[in-house]
Participant: 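Structure below; questions to follow.
All values reported here derive from a predicted model rather than from experimental measurement. Side chains included, hydrogens not; waters and symmetry mates left out as well; all remaining heavy atoms used. Residue numbers run from 1 in the order of the sequence given. Whatever order the structure lists them in is the order used to number ligands and atoms, beginning at 1.
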Amino acid sequence: MSILEQVYDPEEFRRLGHSLIDMLADHLSLNRSGGRDKVIDYVDPDRNLADWDQANPEPLEYFRKLIQNSMHLHHPRYIGHQVCPPAPLAALAAMEGMFINSGGAIYEMSQASSTLERLVIDRLKPYFGFSDGDGIITSGGTLANLTALICARNVRAGENVWQNGQEKQYAFMVSEEAHYCIDRAVRIMGWGDKGIIKVPVDDNYCIRTDLLAVYYQEAMAKGIEVLGVVGSAPTTSTGKYDDLQALGRFAADHGLWYHIDAAHGGPAVFSEKYRHLMEGCQLADSITVDAHKMMMVPSLTTMLFFRESRNSYKTFAQQADYLWNASAEEWYNYGKRTMECTKIMLSTRIYALMQHYGIDVFGRNIDTCYGLAATFAEKVKTNPGMSLAVMPDSNIVCFRLNGYPGADANDLNRKVRQAMLEEGRFYIVQTVLRGDVWLRISIMNPMTTSDDLQALIDHITDVAKRIY
Ligand SMILES: *Cc1c(COP(=O)(O)O)cnc(C)c1O
């Protein structure tokens, strides 16, 4: 067999594939049964580089090493960043999509995935209160937010920016706690410092809607044309939902584009219990929802919904005219509406889950993870050695060890977090709130239990004692 015949050998594929699935199923089982004591086997970057440089080239050895050397998101004590442990079915759908590799800008190259993209968006949009509406699926919340903002500019600017460039100074209003990618999107559009108006937050880290009018007037007086306002659902650091209703009313009163960055918490709409957090989302012009955060789907898979379907064609509309010699609104040629040209088959991962388990499964995941966060917050509140930053809305909780004479709280929490990473029994992260270091958890794994959370509190207390 030539080397290329070997590369495409179906029997080799079969052998490796079966072994890999067995390995992953064992990995999942070990994580779930508590048979794996570490969430991460942390290795210094330089040592890891040297180690991989010497790695065994045999594929099964490589597969094994990759699992061993990575963060174990399916471990119930992985409680760190906002990336989910993918549901096996969603991962299988992704793997199949990766092999078929038939996703893309034009229908004939993506017949199945484009059709499923339409179905997924159509079936999920009513939960956001969009009876008309349309949307796209793209690679990540960062890209979806940029896409929404570009669209807002095309729709709301008083000049044809897409064709002629921009003469005026535009801006978006956003919470100072918004995800940094909004700031980045504004700067990519060339609006600079003036293009992002950061509105202060209240004690709950939610945007102060009472200040919107003040900041708006101030900007307009300086000749800055405010095109829109962005709500966070929730904010990244503290997981608190902005008052989406008040933001929507303000946007409507001032003729502004209303975008909701619901990358993390948009799926609350699928839960009876937590749906109220998204109240007001039906007023939005566009909503970003990551499926790889709270919908058990592998990264990166993001939905961008538009309340008015025609707007979903306006982001890159002018450019599309010469790329596709057809009428403007063909739903099935998604390349007209996404930043991406060639695209991963993204829709299949969401479709596989909702088709098999029902859309309700997304609500159950929210109920479980958000519920666990409330449980954890109560445990922190009753612990005399710890403080809670704010009562959580979602599955994100910020808390910290109190300082004491001889132990500065910032220093203590930073060191405890670092020691925990190196030890690897739990994975949590940290953030800075009003200049102070806080520990931060996101409960992403619905298999995490209340006992795991109690063990986390005990572990943090132990580590702190050991360090100081
Ligand atoms: C995670 C997150 C993002 C970034 O999304 P990616 O999918 O990581 O690109 C943006 N905004 C919010 C509110 C987020 O939580």
Participant: Counting from 1, what ligand 1 atoms have a heavy atom of Gln82 closer than 4.0 Å?
Facilitator: 15 (O)
Participant: For atom 9 (O) of ligand 1, what is the nearest protein heavy atom, given as residue, atom name and distance?
Facilitator: Thr142 OG1, 2.7 Å
Participant: Return the orientation label for the Trp191 and Tyr170 ring planes: parallel under 30°, perpendicular over 60°, tilted otherwise.
Facilitator: tilted
Participant: What protein heavy atom lies closest to atom 3 (C) of ligand 1? Include the residue and the distance to one decimal.
Facilitator: Lys293 NZ, 3.3 Å
Participant: Would you mind running through ligand 1 and noting each atom that sits below 4.0 Å from a heavy atom of Thr236?
Facilitator: 12 (C), 13 (C), 14 (C), 15 (O)
Participant: Around atom 6 (P) of ligand 1, find the nearest protein heavy atom and jot down its residue, atom name and distance.
Facilitator: Gly141 N, 3.4 Å
Participant: Indicate the atoms forming the closest heavy-atom contact of His259 with Asn145, along with that distance.
Facilitator: NE2-OD1, 2.8 Å
Participant: Would you mind running through ligand 1 and noting each atom that sits below 4.0 Å from a heavy atom of His292?
Facilitator: 7 (O)
Participant: How are the rings of Tyr334 and Trp331 set to each other: parallel, tilted or perpendicular (split at 30° and 60°)?
Facilitator: perpendicular
Participant: Is the ring pair Phe270/Phe362 parallel, tilted or perpendicular, if the boundaries are 30 and 60 degrees?
Facilitator: tilted
Participant: Side chains of Ser237 and Thr431: any donor to acceptor distance under 3.5 Å?
Facilitator: yes
Participant: Just need the protein heavy atom nearest to atom 11 (N) of ligand 1, so name the residue and atom and give the distance.
Facilitator: Asp261 OD2, 2.6 Å
Participant: Students should be able to answer this: which protein heavy-atom is nearest to atom 10 (C) of ligand 1, and at what distance?
Facilitator: His179 CG, 3.3 Å
Participant: Are side-chain N/O atoms of Gln82 and Thr236 paired as donor and acceptor at under 3.5 Å?
Facilitator: no
Participant: Judged by non-hydrogen atoms, does Ser232 sit under 4.0 Å from ligand 1?
Facilitator: no
Participant: Would you please say whether a donor-acceptor pair under 3.5 Å links the side chains of Asp41 and Gln68?
Facilitator: yes
Participant: With a cut-off of 4.0 Å, which atoms of ligand 1 are near a heavy atom of Cys181?
Facilitator: 10 (C)
Participant: Taking all heavy atoms of Arg208 and all of Val201, pick out the closest pair and write down the distance.
Facilitator: CG-C, 3.6 Å
Participant: Regarding ligand 1, does Pro234 bring an N or O atom to under 3.5 Å of one of the ligand's N or O atoms?
Facilitator: no
